[in-house]
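This report concerns only the one structure given below.
On a predicted model such as this, the values are computed, not experimentally measured, just so you know. Excluded from the calculations below are hydrogen atoms, water molecules and symmetry mates; all remaining heavy atoms, backbone and side chain alike, are included. Here is the naming used below: chain letters follow the sequence lines, and residue numbers restart at 1 for every chain.
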Amino acid sequence: MSIKIFHTATRKKEVFSPRQVGKVGIYVCGITAYDVCHIGHARAAVVFDVVVRHLRSRGYAVTYVKNFTDIDDKIIARAQKEGVAFSAIAERFIELHNQDMAALGVETPTITPRATDHIGEMISFINILMEKGFAYAIDGDVYFAVNSFQQYGGLSGRVLDEMQAGARVDINDKKKNPMDFALWKTSKEGEPFWESPWGKGRPGWHIECSAMSRRYLGDTFDIHGGGEDLIFPHHENEIAQSQAASGKPLANYWMHNGFVKVNSEKMSKSLGNIFPIRDILKNYHPEVLRLFMLQSHYRSPIDYSTDSLNEARAGLIRCYTTLRQLKEIAGTSANSAMMPANEKSPSKHKDYINRLNELTEKFDAALDDDFNTAQGLGYVFDVVRLINNFVTAERNILVAGKSAVLQEAKKAFEHFGAVLGILQDDPDHFFLTDKEMESRKRGLDIMEIEKLIKGRQEARIARDWARADEIRSQLAGLHIVLKDSKDNTTWSIE
RNA sequence: GGCGGCAUAGCCAAGUGGCUAAGGCAGCGGUCUGCAAAACCGUUAUUCUCCGGUUCAAAUCCGGAUGCCGCCUCCA
């Protein structure tokens with residue numbers, strides 16, 4: 001089974017064929033470190049995290065490079081506002097980014113280069129472009145001449161002449177063509193700078209990705225990714241620079257993830273609807289956020305709201321309920337009411353195992369098909385139902401008689417979890433975390449609740465059902481749902 | 001003005017030429033339970049925005065209409 005990837009340049013799914021057998025080089029544009037990461041950054045990170053996890057689960061040795069832009073106008077602006085060095089700003093937000101990614105269960109990329117550690121590479125890159133006649137310097141600035149690069153617009157499907165017709169154009173510019181973009185910018189008074197053949201200055205935005213991807217992955221590599229907003233101009237410009245310099249294609253497959261909207265509107269500072277990852281994770285288990293994102297295809301826009309997070313939470317609870325069951329059964333000792341498996345069991349168990357294997361294969365096939373996590377999750381939930389069905393049907397059978405199926409189920413869930421980056425928590429810990437977050441959100445006191453439940457337990461033992469039901473409906477008013485088992489009562493918040 | 005995307009049940013969301021249109025949430029009926037909850041079993045779109053067309057066959061391809069959205073400026 002081959003992997004298919006939707007390639008932005010052709011707008012079609014293409015069969016993935018890596019440059020070297022068994023190896024994949026992937027470069028994803030990371031953040032500009034001037035503010036905390038929001039849910040949009042989370043989506044890009046989670047999407048490509050799953051891409052890499054799936055490729056690895058399919059046996060590829062993946063080199064994943066994700067950069068940090070640590071010098072740029074917005075960083076400088078913030079540094080000036082706060083009266084600190086630009087590097088202090090970058091350092092701070094890179095650290096916060098790393099915390100957020102770790103909390104989200106995003107695996108650290110193989111290499112996480114920073115722009116300012118590669119100034120020398122960028123300067124020599126620009127030199128090559130100058131020598132080859134693709135770039136020109138004016139008053140300490142260096143620009144890439146888009147007219148010199150025939151294929152400009154190939155990724156985004158734009159034609160230079162048509163763009164210029166209606167586009168807003170920089171007036172009073174030194175550029176030969178308004179679409180020309182800066183490779184190197186002169187530093188203004190008081191701004192950070194590096195020495196260069198064109199004077200004191202700093203790199204333009206696009207050149208860092210070209211320089212760093214070449215350094216770590218070579219002139220041509222397999223996959224280049226990022227948010228769909230980067231298609232133009234950023235990725236178009238990267239292609240122009242890199243291909244002009246090397247004469248070779250930059251990346252064989254370009255992948256772009258869709259946007260996160262909030263209440264059907266684009267997130268933006270002016271609308272004030274930016275949601276930092278760290279704020280959301282105060283109220284939701286990180287896997288809730290992952291599940292919310294992975295339930296849609298990575299190229300579709302998703303609409304963030306507390307309702308959609310709550311739905312994802314309900315789905316995740318369904319998964320963990322089954323995982324908790326499995327854990328409990330594994331810890332169960334023989335009970336006198338239980339029977340050993342009968343002679344019909346082996347073939348029935350074989351059916352369950354076959355079905356599990358089949359669903360696992362379908363899951364993998366779904367991810368092979370342009371990383372269709374939504375379809376894959378459908379199969380995960382099919383396994384949840386299958387196992388719940390098994391547990392119910394065989395609840396009176398000794399563990400020893402059904403351990404083969406349980407083992408296989410455990411393996412299946414471990415596989416799904418490893419690829420999607422969910423179901424990584426211990427079930428009991430998951431429910432504890434969930435309970436704490438939900439209680440805090442609603443201003444409930446866990447101690448109080450448990451005191452009430454204890455009182456109800458006593459009433460139940462005394463068979464005082466009226467009193468027991470009274471306490472339960474009191475708790476129900478607080479959205480607390482009780483679950484009675486033989487000798488204890490557990491609870492959760494809906 | 002240029003380029004592109006989307007429209008599937010009450011909600012979210014897969015499917016993009018041919019078996020019964022995945023899955024989640026919500027709802028309904030049953031089993032279980034002191035009663036519940038969870039879980040299980042069953043059930044909830046003869047139909048995929050609308051109108052034409054191609055085809056033996058379309059939610060899926062083509063043309064048109066309507067609606068929503070994104071990019072073209074920093075942006076994941």
Next on the checklist: I'd like to know whether NZ of A/K441 has more than 12 heavy-atom contacts from other residues, nucleotides or ligands below 6.0 angstrom.
Outcome noted: yes

Next on the checklist: Tell me if the aromatic rings of A/H349 and A/F390 count as close, with their centers under 6.0 Å from one another.
Outcome noted: yes

Next on the checklist: Between C1' on B/C74 and CD1 on A/I71, what's the gap in Å once rounded to a whole number?
Outcome noted: 15 Å

Item to check | Crowding at NZ, A/K410 (>12 non-hydrogen neighbours, <6.0 Å) | outcome: no

Next on the checklist: Under 4.0 Å, heavy atoms only, any strand: does A/V260 hit a base, just the sugar-phosphate, or nothing?
Outcome noted: base

Checklist entry - Going by an N to O cut-off under 4.0 Å, is there a salt bridge joining A/K327 and A/D426? => result yes

Next on the checklist: Between A/H224 and A/Y27, is the ring centroid distance below 6.0 Å?
Outcome noted: yes

Checklist outcome for this item: 5' to 3', nucleotides 32-43 of chain B under a 4.0 Å protein heavy-atom cut-off (B base, S sugar-phosphate only, - none) gives --BBBBSSSS--

Checklist entry - Within the structure shown, what part of the strands sits under 4.0 Å from A/E228 by heavy-atom distance: base, sugar-phosphate, or nothing? => result sugar-phosphate

Next on the checklist: One pair to check against side chain to side chain contact (heavy atoms under 4.5 Å, CB included): A/I89 and A/R92. What are the steps and the verdict?
Outcome noted: CA-CA 5 Å; A/I89 297 292; A/R92 184 199 309 163; 3.8 Å; yes

Next on the checklist: Heavy atoms only, 4.0 Å cut-off, all strands: where does A/F381 land among base, sugar-phosphate and nothing?
Outcome noted: sugar-phosphate

Checklist entry - So how far is it from A/Y143 OH to A/K176 NZ, rounded to the nearest 0.5 Å? => result 12.0 Å

Next on the checklist: Please evaluate residues A/R456 and A/L475 with respect to the criterion side chain to side chain contact (heavy atoms under 4.5 Å, CB included), reporting the C-alpha separation (whole Å), side-chain torsions for both, the decisive distance (0.1 Å), and the verdict.
Outcome noted: CA-CA 11 Å; A/R456 177 167 171 277; A/L475 288 166; 5.6 Å; no

Item to check | Euclidean distance for C1', B/U49 against B/C32 (whole angstrom) | outcome: 44 Å

Item to check | Distance flag, aromatic centroids of A/H206 and A/F144, threshold under 6.0 Å | outcome: no

Next on the checklist: Once rounded to the nearest 0.5 Å, what's the spacing between atom NE2 of A/H97 and atom NE2 of A/H41?
Outcome noted: 8.0 Å

Next on the checklist: Using a 4.0 Å heavy-atom cut-off, does A/G227 contact any base of the nucleic acid, only the sugar-phosphate backbone, or nothing at all?
Outcome noted: sugar-phosphate

Checklist entry - For the side chain of A/E311 and the base of B/G24, is some donor closer than 3.5 Å to an acceptor across the two? => result yes

Checklist entry - Atom CE of A/M179 and atom P of B/G2: how far apart are they, to the nearest Å? => result 16 Å

Next on the checklist: What's A/A314 touching, base or sugar-phosphate or nothing? Going by heavy atoms closer than 4.0 Å.
Outcome noted: sugar-phosphate

Checklist entry - Rounding to a whole Å, what distance do you find between A/H297:NE2 and B/U8:P? => result 17 Å

Next on the checklist: Classify A/S308 by what it touches in the nucleic acid, base, sugar-phosphate, or nothing, heavy-atom distance under 4.0 Å.
Outcome noted: nothing

Checklist entry - When the distance from CG of A/D382 to P of B/G24 is rounded to whole Å, what number comes out? => result 7 Å

Next on the checklist: Does A/D72 reach a base, just sugar-phosphate, or nothing at all? Heavy atoms under 4.0 Å.
Outcome noted: nothing

Next on the checklist: Tell me whether the side-chain N/O atoms of A/S300 come closer than 4.0 Å to OP1 or OP2 in B/A14.
Outcome noted: yes

Checklist entry - Roughly, in whole Å, what's the span from CG in A/L294 to C1' in B/A14? => result 14 Å

Checklist outcome for this item: Those stems involving RNA chain B that have three or more consecutive Watson-Crick or G-U pairs, both distances under 3.5 Å, are B:1-7 with B:66-72, B:10-12 with B:23-25, B:27-31 with B:39-43, B:49-53 with B:61-65

Item to check | Nucleotide B/A13, atom P - distance to CE of A/M293 in whole Å | outcome: 14 Å

Checklist entry - Is A/L230 touching bases, backbone alone, or none of the nucleic acid, heavy atoms closer than 4.0 Å? => result sugar-phosphate

Item to check | Rounded distance in Å - CG (A/N237) to P (B/C72) | outcome: 12 Å

Next on the checklist: Tell me the interatomic distance from A/F232, atom CZ, to B/C3, atom P, rounded to whole angstroms.
Outcome noted: 14 Å

